[in-house]
Structure formats: C-alpha cells, structure tokens
Amino acid sequence: FFQAFINGKPALALSGKQAIYKSTGDTTIVLATNLSKKAAHEVVLFKRTENLDNVPAEFMGFVVDNNATCTSASELYRPRKMEFLGNSITCAFGTESKNRNSKFTAETENSYLSYANILARAFDADVNIVAHSGRGVVRNYNDKNMVSTSDATVPKLFKRTIDADSTSEWDFKRYTPDAVVVNLGTNDYSTHPHPFKAIFVDGYLKLIAQIREAYGRQTQIF
C-alpha cells in the first residue's frame, strides 16, 4: 500500500494491486488535478507497508502536464538522516486496526504512523527503515529452535537491498545515517523456546558491531 501527499496533505491511498492488475498494460493513476500553475508543488509517494509477499514494489515514475517541469529531488533532501532496525513495531503493524484483537491486513499497516517516521519528521530527517514483522536478532517469531536458521533475522536483512533476496547486497556508501535506532528482541522472546541470554546478547553485540563497521564512528547508535 502507498500513500500520496500533495503539498503536505494526504491525496490518495492505493494498493499495489490497484496499480498492477487493473489493466494489462501500463497503469497511470491520477494523484492530483487543477493545481495552481503559479506555484511549485511537492508530491510525496510514501510506502505504507512492509514487504508482505516477498515481491519488491517497483515505482516507474511521475507523469506531469506537458507545460510543467520537475525539480530535482536532491534539492528536497533533509538536513539529517536516520535509520531504524526493527520488527512489526517499527513497521507499524496494525496501526490503523479498530482494536488490538483485529486480524492483520495490509490496509491497517501504515508506516507513516510508525514511531520511526514520526521521530524522523520531528527531527526533519530522511529515513531508511530495515524492518520485517516477526523477525528478531537471533530468533524469529514462533521458531521451533532457540536460534533461527531458515528465515532471515534482522542482522541478515541489514546487508540486503531486497529482504527476500539474499543475493541483493546493499551498498552502505549510498546512505550514511547520522543516527541508527535499534528496536529488537520482542520476537526473540515472544514464544518458546527462548534463546539463552548469552546467545541473545552475543547476537545483539554482533549486530551493533555490524552497524558500526558499515557506517563508522560518526553515526550514533541507540
């Protein structure tokens, strides 16, 4: 699911299936009409959901009126950069559910309302989020083992561009955050068997060392 903003105001919420399956060819979705021609307008397309079906979203571009021009996005970069490593809490799992017992649907997950994005907006920072529901430091949710070996834990996802593709290595030089916030451990201990304390602590310290190696000493880690 995506959320469009025009000049800071919500314009349209749409699902990936809307964009992909409503026609056999390319699909163009109108985000705004009748905007003033005397002023510049800011368009933000925000991805609300995590990678739920292990298929990466692909954004093809914006189409503007023939007499309109686009400003370079590089001019809109914010003065700070933040990164968040987490699980469903960071993804904002169920943020728009009616109550805590509601079953999960993609419609109710809205990362714009995640503490991560709220915090980034408060500090006027660009944000990168490495998070997936059910993942942990050494053990993912409901794993039958103390340490997960089959599914990717967050330390493994941290190295990837696409979380479902173990061969897609992320280039850490492309984005160096001023601060990294790690919020993990809920899934490691949510169900039995719990990992031994020494195993969890060792895994957490290795993750911190991994972040430090990727970004150097200038990045603050919380």
Side-chain angles (χ1 to χ4, degrees), residues 47-54 56 80-95 100 104 109-123 125-222:
K47 188 170 183 289
R48 291 170 45 140
T49 50
E50 61 189 292
N51 189 9
L52 296 168
D53 53 8
N54 291 330
R80 303 177 183 89
K81 293 180 181 179
M82 301 181 75
E83 184 165 273
F84 293 82
L85 275 63
N87 49 38
S88 58
I89 300 170
T90 304
C91 293
F93 181 105
T95 303
R100 63 177 295 170
F104 174 76
E109 181 172 278
N110 186 352
S111 180
Y112 189 79
L113 302 178
S114 162
Y115 76 90
N117 279 297
I118 291 172
L119 192 61
R121 290 195 294 273
F123 282 96
D126 283 326
V127 61
N128 189 40
I129 295 179
V130 181
H132 199 124
S133 292
R135 304 301 169 86
V137 179
V138 297
R139 180 178 179 269
N140 294 328
Y141 176 78
N142 218 24
D143 197 304
K144 63 181 180 180
N145 301 311
M146 283 188 181
V147 176
S148 293
T149 56
S150 56
D151 292 324
T153 52
V154 173
K156 294 178 182 177
L157 299 184
F158 179 65
K159 303 176 183 179
R160 301 177 184 176
T161 301
I162 302 171
D163 64 358
D165 183 0
S166 60
T167 64
S168 61
E169 295 185 3
W170 174 248
D171 179 4
F172 290 102
K173 294 179 181 179
R174 295 186 63 181
Y175 185 92
T176 302
D178 300 296
V180 176
V181 179
V182 183
N183 185 357
L184 289 166
T186 305
N187 290 309
D188 295 79
Y189 288 95
S190 57
T191 59
H192 291 279
H194 293 165
F196 292 133
K197 180 179 178 179
I199 294 175
F200 178 76
V201 171
D202 181 63
Y204 217 118
L205 291 175
K206 286 180 179 177
L207 174 59
I208 300 302
Q210 190 178 339
I211 298 169
R212 181 63 69 210
E213 181 181 3
Y215 297 132
R217 303 300 306 179
Q218 73 275 17
T219 297
Q220 300 292 311
I221 302 174
F222 297 87

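Below, each value reflects all heavy atoms present in this structure, side chains not excepted, and no hydrogens, waters or symmetry copies.
Pairs of residues two or more places apart, or lying in two chains, that qualify as side chain to side chain donor-acceptor pair (under 3.5 Å) and include a residue from residues 211-222 are Glu83-Tyr215.
Between the side chain of Asn87 and the main chain of Gly134, no donor-acceptor pair closer than 3.5 Å is present. Asp202 places no side-chain N or O within 3.5 Å of a backbone atom of Ala198 that could act as its donor or acceptor partner. A donor-acceptor pair is defined here as one N or O able to donate and one able to accept, closer than 3.5 Å; no such pair exists between the side chain of Arg80 and the backbone of Asp126. For Glu109 (side chain) and Thr95 (main-chain N/O), no donor-acceptor pair under 3.5 Å exists by modelled atom type. Side chain of Thr90 to backbone of Ala131: no donor-acceptor contact under 3.5 angstrom is found. Although no hydrogens or angles enter the test, the distance criterion places a donor-acceptor pair under 3.5 Å between the side chain of Asp188 and the main chain of Val138.
Separating the OG atom in Ser114 from the CD1 atom in Ile89 is a distance of 9.5 Å, to the nearest 0.5 Å. From Ser166, atom OG reaches atom CZ of Arg160 across 5.0 Å, with rounding to the nearest 0.5 Å. Remark: Ile162 CD1 to Leu157 CG distance equals 12.5 Å, nearest 0.5 Å. Here the CG atom belonging to Asn110 is positioned 4.0 Å from the CZ atom belonging to Arg48, to the nearest 0.5 angstrom. With rounding to the nearest 0.5 angstrom, the OG1 atom of Thr153 is 12.5 Å from the CZ atom of Arg139. With rounding to the nearest 0.5 angstrom, the CG atom of Asp143 is 11.0 Å from the CG atom of Asn187.
Relative to the six-membered ring of Tyr112, Arg121 meets both conditions, a distance below 6.0 Å and an angle of at most 45° to the axis.
Judged purely by distance below 3.5 Å, without hydrogens or angles, the side chains of Glu169 and Thr161 never pair a donor atom with an acceptor atom. In this model, no donor atom of one side chain and acceptor atom of the other lie less than 3.5 Å apart for Tyr141 and Thr191.
Annotation for Pro177 and Val180: closest pair CG-CG2, 3.6 Å, computed over non-hydrogen atoms. Minimum interatomic distance between His132 and Cys91 (heavy atoms only, all atoms of both residues): N-SG, 3.8 Å. Here the shortest heavy-atom pairing between Met82 and Val181 reads CE-CG2, 4.5 Å.
Val182 places a side-chain heavy atom less than 4.5 Å from the side chain of Tyr204. Looking only at side-chain heavy atoms (C-beta outward), Val127 and Asn117 come within less than 4.5 Å of each other. You'll find the side chain of Ser88 stays beyond 4.5 Å of the side chain of Phe104, heavy atoms only.
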side-chain contact (heavy atoms from CB on, under 4.5 Å) between Asn145 and Val147, worked out: CA-CA 5 Å; Asn145 301 311; Val147 176; 5.7 Å; no
Could you walk me through whether Leu85 and Asn183 pass the side-chain contact (heavy atoms from CB on, under 4.5 Å) check? CA-CA 6 Å; Leu85 275 63; Asn183 185 357; over 6 Å; no
Could you check Lys47 against Ser111 for side-chain contact (heavy atoms from CB on, under 4.5 Å), going step by step and ending with a plain yes or no? CA-CA 7 Å; Lys47 188 170 183 289; Ser111 180; over 6 Å; no
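Under the 30°/60° scheme for interplanar angles, the aromatic rings of His194 and His192 are found to lie parallel.
Heavy-atom contacts from other residues, nucleotides or ligands closer than 6.0 Å to OH of Tyr175 number more than 12. A 6.0 Å sphere centred on NZ of Lys156 holds more than 12 heavy atoms belonging to other residues, nucleotides or ligands. At most 12 non-hydrogen atoms from other residues, nucleotides or ligands lie less than 6.0 angstrom from NZ of Lys159.
Taking the ring centroids of Phe200 and Phe196, they lie at or beyond the 6.0 Å cut-off. Aromatic ring centres of Phe222 and Phe84: separated by at least 6.0 Å.
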